[in-house]
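Labels below follow one simple rule: chain letters A, B, ... track the order of the sequence lines, proteins then strands, and each chain is numbered from 1. None of these values were measured; they are calculated from a predicted model.
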Protein chains: 4
Amino acid sequence: MTAEAKTPQRTKHRTRDAEATKARILKAALNEFSRNGLGGARVDVIAEKADANKRMLYHYFGSKEELFQTVLENAYIDIRDAEQKLDLDHLPPKEALERLVRFTWEYYLKHPEFITLVNSENLHRAKHLKKSEIVKIYSRRFVSMVDTILQRGVASGEFRPGIDPVQLNITIAAIGYYYLTNRFTGSIIFERDLMAKEALEERLRFNIDTILRLVSA
Amino acid sequence: MTAEAKTPQRTKHRTRDAEATKARILKAALNEFSRNGLGGARVDVIAEKADANKRMLYHYFGSKEELFQTVLENAYIDIRDAEQKLDLDHLPPKEALERLVRFTWEYYLKHPEFITLVNSENLHRAKHLKKSEIVKIYSRRFVSMVDTILQRGVASGEFRPGIDPVQLNITIAAIGYYYLTNRFTGSIIFERDLMAKEALEERLRFNIDTILRLVSA
Amino acid sequence: MTAEAKTPQRTKHRTRDAEATKARILKAALNEFSRNGLGGARVDVIAEKADANKRMLYHYFGSKEELFQTVLENAYIDIRDAEQKLDLDHLPPKEALERLVRFTWEYYLKHPEFITLVNSENLHRAKHLKKSEIVKIYSRRFVSMVDTILQRGVASGEFRPGIDPVQLNITIAAIGYYYLTNRFTGSIIFERDLMAKEALEERLRFNIDTILRLVSA
Amino acid sequence: MTAEAKTPQRTKHRTRDAEATKARILKAALNEFSRNGLGGARVDVIAEKADANKRMLYHYFGSKEELFQTVLENAYIDIRDAEQKLDLDHLPPKEALERLVRFTWEYYLKHPEFITLVNSENLHRAKHLKKSEIVKIYSRRFVSMVDTILQRGVASGEFRPGIDPVQLNITIAAIGYYYLTNRFTGSIIFERDLMAKEALEERLRFNIDTILRLVSA
DNA sequence: AATGAATGAGTGTTCATTCAT
DNA sequence: AATGAATGAACACTCATTCAT
């Protein structure tokens, strides 16, 4: 971050603005993509929200799709980073698992953009994620993290053996993700406000219970 | 303007074509909407796939959105109808529940359109489903079906009491739906082909196990 | 009107229905054309308003434009017929002229369709009227009617000589027609409700005065 | 976003093209709208005539209707501006009035678009003019101009008192406007070429005569 | 005589992207 | 680095008219 030592003052200013512009564009794009999906998002709207010129968007990101890919990558990196910070290895297995379920639920709740982004990407058969090497690396770390918890639980006798960490991972995500991504149709089908404060708390309890029953010896 | 005037069995000739055209349009629309979502679907493509004139589409369905609503409604009616036909009330509770989990999974597998349709509808905050009275009626029947199974299970001592049938319903759907809707990103993240025959069978076993552990006394 | 003497009973029925259908179509077309002009009128709307099948419209009138021509012809015949019925030849010249001004004004007021139809026809450079022989015949009678009044007025010493009956005709029409056809923009420009009862009465008085001052010796 | 930012005389380069494009679109739109009315006008044709991209039309004017409104507003401003430039206050009342009648006639002759535009707007019940504040301001100035002439004429004893300037205004417009807007049907009805040079001159003389007789003491 | 299903050419409008400065 | 004008292909939707019965 000692840019001034390397570059003349004029350049420094330009660089700082450039980074800020990129950041504003990314933020606006995340918002627009998550609201309307890749297809429904409008480049003009992103540029306007970012208070940037449309041309800049193309200058920095190449195209709408490449911008989407960057936004998607960042979203995956964000959640994986947050998961790593949970520091589950220092907790007893049961607590670690409960904490992960809770974290997953709360992350989805705080970041509904993540869910819409992933849905959009699956509508497009993951063509953008396929190109992202970094996401794969982060993902491996995540799976091994859950695997470690499982192994510790089996060793302590709390968890039953033979549980596939991938299946468990998927199920932990599923029971939160599905509830939230389908909150609109769900609220109609089940004739209750799935997003009411108490409903959310009840769901979290139900999910923790589901996972613990699933793994317990 | 009555329904019988539109589909009388006698006056085959005049109406047969109309009904056939409507059916072709609906089929093509289901295909196109599920492939590309509401926003990404193209009216021209639907008409072409249906081997019908675009004008007919508007004649019968009013607009792209109304067509989507009809398609969506039909999709919900189809799954609810199929569920009713399972005749779970004559099975022992455990078997009934297992059968429901299996059915849900297999229905999603056979009807990936249903999943994409629901995702699309949630992206639009369920604005179309809100207008559909019939779907609400069908949904109530479905929830009470699961509730009956739970009650029978509690009575027989196999299931523990106090399980919310809505939460259970959501979880049964979630663990299948999430796996399949995110099969593209999932296959990358977890570096395995989630759609391989064996993977699918394994997931079904895992899901049945999850649900039975969740409800068992 | 002794159709039954000429045609067998079965035919009579058909004829009566046919005439009724034609009449309903013409009425509906007059309404729709005068509301929206030739270009803005919708064939579907005409058929619906007439409670007739669209095909009938084409069967009887050939095309939208030919239908418009018929409607227009009828409109001209109607006003010319009404003018002839005024029987102005038996009134003193001044009274005859006043009565004509009054009649013209009131006819336009009662038949706003006539005005819109004529405007529409002029937008199309009178291409439909050109084809109508009958309108020309009726028009001649009308001009000579006004000419007779003028001549009688000159003979009696009330009117000054040398007034062109065509110019007078045009002016009589103009001062009523313009006021009414431009009633919407006029009400804005002059910031008063030109269609209020009193405004209409005032305008009629003003117009009669204008014409009498114009011709008086 | 300020007006001076859009048309600065210095920064010619960037804005000149934009302003020129806007001007070309407006000119083409005036032409197309006056030829075919609002409904009959084609956006494609306007863009083509303007040698501009259709997208620009929407960029600058929002929609076909908003473009129409701008064209209409400009037309009203143009005629009101021209009227103000007549400088009638420095002429004797009679001459001022004659000059106004002559001007009105000649303006309509030179600007047949104005007439068609106004007709189109009245077909749409003045919905666009209603929104235009500027036109109302200009109109007030116009009415008071005629009022001043009348008052001066009454004061000099040339004109009779009690003439409503609005009625006079309407009549001055009417006797020219009607003749010209209905020149196509009129030429058929009266079986004479209303647009022949001599016919036009005769009509102007007739109109001046009509107005002077109307106001003279 | 009457019907309603069907059509192709168009209608206003919007889009992601590029050009000139 | 940044801008705003410009584009062409596509978009949902509509029209007057004809076909099959």
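- Rounded to whole Å, the distance from CG on D/L57 to P on F/dT7 is 12 Å.
- Remark: C1' of F/dA16 and CZ of C/F61 are 16 Å apart, rounded to the nearest angstrom.
- Closest to the side chain of C/K64, from the set E/dA16, F/dT17, F/dA5, is F/dT17.
- Inter-residue side-chain proximity for C/L38 and C/H124 is flagged as met; some heavy-atom pair is nearer than 4.5 Å.
- Here F/dA10 presents its C1' atom at 12 Å from CZ of A/R42, a figure rounded to the nearest Å.
- Ranked by how close their nearest DNA chain E nucleotide is to the 5' end, A/G62 and B/A52 are led by B/A52.
- Between B/H59 and E/dG4, a side-chain N or O to OP1/OP2 separation shorter than 4.0 Å is absent.
- When each of F/dT3, E/dA16, F/dA12 is scored by its nearest atom to the side-chain atoms of A/N53, the top-ranked nucleotide is F/dT3.
- Side-chain contact, C/T185 with D/E121: no donor N or O sits under 3.5 Å from an acceptor N or O.
- Here D/A41 lies in heavy-atom contact (under 4.0 Å) with sugar-phosphate atoms only.
- Between B/L38 atom CG and F/dC11 atom P the separation is 14 Å, expressed in whole Å.
- Along DNA chain F, the nucleotide closest to D/M56 and the one closest to B/G40 are compared, and the more 5′ of them pairs with D/M56.
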Structure string for DNA chain F in dot-bracket form, Watson-Crick and G-U at under 3.5 Å, | interchain = .||||||||||||||||||||
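- Under the 4.0 Å criterion applied to side-chain N and carboxylate O atoms, B/R24 and B/D51 are not assigned as salt-bridge partners.
- Across all strands shown, B/V43 has heavy atoms under 4.0 Å from sugar-phosphate atoms exclusively, and none from any base.
- Sparse packing is recorded around NZ of B/K27, with 12 or fewer heavy atoms of other residues, nucleotides or ligands lying under 6.0 Å away.
- In this structure, the CD atom of D/E66 is 12 Å from the C1' atom of E/dT13, given to the nearest Å.
- Phosphate proximity of E/dA6 to B/T21: present, with a side-chain N or O under 4.0 Å from OP1 or OP2.
- Across E/dT13, F/dA12, E/dA5, the shortest atom-to-atom separation from the side chain of B/A18 is found for E/dA5.
- Considering only the side chain of C/S63, F/dT17 comes nearest among F/dT14, F/dA1, F/dT17.
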Working for salt bridge (charged side-chain N to carboxylate O under 4.0 Å, His left out), residues D/K49 and D/E32 | CA-CA 9 Å; D/K49 278 182 184 171; D/E32 174 72 359; 3.1 Å; yes
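- For A/K54 and E/dT17, a side-chain-to-base donor-acceptor distance below 3.5 Å is present, hydrogens and geometry of angles not being considered.
- A heavy-atom distance below 4.5 Å is found between the side chains of D/E65 and D/K127.
- When the P atom of E/dA6 is taken as reference, atom CZ of C/R55 falls 17 Å away, rounded to whole Å.
- The CD-P distance, from D/E48 to E/dG10, rounds to 13 Å in whole Å.
- One interatomic measurement links the two molecules: OH of D/Y58 to C1' of F/dG8, which rounds to 15 Å at whole-angstrom precision.
- If B/E65 and D/Y60 are placed on DNA chain F by their nearest nucleotide, the residue sitting closer to the 5' end is D/Y60.
- In this model, no side-chain donor or acceptor of D/D44 finds a partner on the base of E/dG10 within 3.5 Å.
- Rounding to the nearest 0.5 angstrom, the gap separating the OG atom in D/S120 from the CZ atom in D/F68 is 4.5 Å.
- For the residue pair A/E66 and A/S63, a side-chain donor N or O sits within less than 3.5 Å of a side-chain acceptor on the partner.
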